[in-house]
Amino acid sequence: MSVRIVGASDVARLLPMGEAIAVMEEVFRTLARGDAVQPLRSMLWMPDRRGLLGLMPAHLGSPSLLGLKVVSVMPGNHGTEFDSHQGAVLVFETTHGSLRAVIDATSITAIRTAAVSGLATRLLARKEAGDLSLLGSGTQARTHLRALRVVRKLRRIRVWSPNPARAAAFAREEPAGPGPPIEVMASAREAVAGADLICTVTSSKEPVLEGAWIAEGAHINAVGACFANARELD
């Protein structure tokens with residue numbers, strides 16, 4: 001039986017953000033119906049704690065499939081040519097347990113994470129919300145901007161990063177889309193002042209967003225803090 005190999009460029013082509021948001025909505029419905037099983041992920045840390053290997057298995061009832069996402073997480077890669085999350089998704093059929101596909105996980109992680117935030121924003125944010133603040137300027141900032149452009153008409157886009165040069169590069173290199181140009185802000189407080197859509201997408205271990213800065217009724221997608229020792233919100 002042949003095994004399909006799906007690379008990063010193919011993932012991006014086959015999973016545009018609008019469709020990814022719709023897929024994630026159905027994923028959550030499927031999980032709620034009990035037609036999918038998603039055990040808690042397991043993580044193997046390197047002895048020096050520089051990074052880890054994460055294992056995320058799942059079973060889907062219809063179509064019947066087994067899947068495993070295996071990904072290395074290297075926070076030290078932020079700001080380098082290497083992504084912080086790299087790996088593969090393995091897909092198996094359930095009759096004989098045969099491997100059917102190996103799919104690039106870096107691109108899936110970037111798209112899927114932002115698609116969930118896009119779905120949350122569509123369902124939970126105020127309908128008129130359109131002033132977006134991005135705290136962080138890496139891969140997730142890029143995909144979150146795409147996702148928020150899909151679900152809301154943006155009237156303002158601001159970005160802040162702990163590294164000002166990266167924020168400037170983000171604003172300069174991000175492809176133009178619907179809505180206004182990207183403004184680079186000198187501080188996180190300036191970036192979120194009056195914003196009604198906020199995405200925190202940093203790897204910071206210390207809070208970058210203070211509750212006192214948040215406008216009434218703002219919607220927050222807090223994304224970057226995925227470890228016990230990371231904390232983006234105060």
Side-chain angles (χ1 to χ4, degrees), residues 1-45 51-74 83-125 139-140 142-152 199-201 219-228 230 232:
M1 184 178 293
S2 61
V3 177
R4 179 169 295 181
I5 308 296
V6 184
S9 59
D10 289 324
V11 171
R13 176 176 57 83
L14 295 169
L15 198 60
M17 187 57 72
E19 292 185 27
I21 292 171
V23 167
M24 291 315 302
E25 181 173 20
E26 182 55 30
V27 163
F28 283 116
R29 293 182 186 275
T30 300
L31 194 61
R33 289 195 304 265
D35 197 34
V37 179
Q38 185 182 15
L40 184 66
R41 67 185 178 186
S42 61
M43 297 183 292
L44 172 65
W45 283 94
L52 62 84
L53 192 68
L55 305 172
M56 288 154 271
H59 172 261
L60 183 64
S62 179
S64 184
L65 293 169
L66 287 167
L68 173 67
K69 176 181 172 183
V70 55
V71 59
S72 64
V73 181
M74 300 290 182
D83 286 308
S84 60
H85 293 63
Q86 302 174 76
V89 173
L90 311 179
V91 180
F92 301 82
E93 55 85 24
T94 58
T95 301
H96 304 288
S98 299
L99 180 66
R100 300 302 304 273
V102 179
I103 309 169
D104 175 71
T106 304
S107 51
I108 287 180
T109 299
I111 296 169
R112 184 214 62 83
T113 306
V116 172
S117 292
L119 176 62
T121 302
R122 196 188 77 197
L123 296 174
L124 300 174
T139 297
Q140 283 300 330
R142 298 178 189 281
T143 53
H144 273 72
L145 176 56
R146 271 191 272 156
L148 272 290
R149 278 172 168 162
V150 169
V151 298
R152 287 294 185 272
C199 297
T200 62
V201 286
H219 172 83
I220 303 171
N221 296 308
V223 180
C226 57
F227 300 116
E232 292 184 302

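All values below come from the heavy atoms of this structure, side chains included, with hydrogens, waters and symmetry mates left out. Everything quoted here is computed from the prediction, not taken from an experiment.
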Does Arg100 CZ have over 12 foreign heavy atoms under 6.0 Å away?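 No - once you tally the heavy atoms of other residues, nucleotides and ligands closer than 6.0 Å, there are 12 at most.
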Mind checking whether [X] and [Y] have side chains closer than 4.5 Å, heavy atoms only?
X      : Y      : answer
Val23  : Val27  : yes
Val91  : Arg4   : no
Cys199 : Val223 : no
Val71  : Met56  : yes
His85  : Thr106 : no
Ile21  : Met24  : no

For the residue pair [Y] / [X], report whether a side-chain donor-acceptor contact shorter than 3.5 Å exists.
X      : Y      : value
Glu93  : Ser98  : yes
His144 : Ser117 : yes
Asn221 : Thr121 : yes
Arg142 : Thr139 : no

Are the side chain of Thr143 and the backbone of Ala110 linked by a donor-acceptor contact shorter than 3.5 Å?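 It does hold such a pair.
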Glu19 side chain to Pro16 backbone, donor-acceptor under 3.5 Å: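 Judged by distance alone, no pair lies under 3.5 Å.
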Could you give me the CA-CA distance, side-chain angles and deciding distance for Ile103 and Val11, then say whether side chain to side chain contact (heavy atoms under 4.5 Å, CB included) is met? CA-CA 8 Å; Ile103 309 169; Val11 171; 3.6 Å; yes
Under the salt bridge (charged side-chain N to carboxylate O under 4.0 Å, His left out) rule, what pairs show up with a residue in residues 57-68, not counting sequence neighbours?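 Salt bridge (charged side-chain N to carboxylate O under 4.0 Å, His left out) check on residues 57-68 returns no pairs.
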Considering all heavy atoms of both residues, which atom of [X] and which atom of [Y] are nearest to each other, and what is their separation?
X      : Y      : value
Ala8   : Ser107 : CA-OG, 3.7 Å
Pro39  : Pro57  : CD-O, 3.2 Å
Ala20  : Ile111 : CB-CG2, 3.7 Å
Ala114 : Met17  : CB-CE, 3.9 Å
Leu31  : Ala36  : CD1-O, 3.6 Å
His59  : Ser64  : NE2-OG, 3.9 Å

Can you measure from [atom1] ([X]) to [atom2] ([Y]) and round to the nearest 0.5 angstrom?
X      : Y      : atom1 : atom2 : value
Ile108 : Leu15  : CD1   : CG    : 7.5 Å
Arg41  : Leu52  : CZ    : CG    : 8.0 Å
Thr200 : Gln140 : OG1   : CD    : 11.0 Å

Would you please test Thr109 and Lys69 for side chain to side chain contact (heavy atoms under 4.5 Å, CB included) and show each step? CA-CA 10 Å; Thr109 299; Lys69 176 181 172 183; 2.7 Å; yes
How far apart are the C-alpha atoms of Arg152 and Arg122, what are their side-chain angles, what is the distance that settles it, and do they pass the side chain to side chain contact (heavy atoms under 4.5 Å, CB included) test? CA-CA 7 Å; Arg152 287 294 185 272; Arg122 196 188 77 197; 4.3 Å; yes
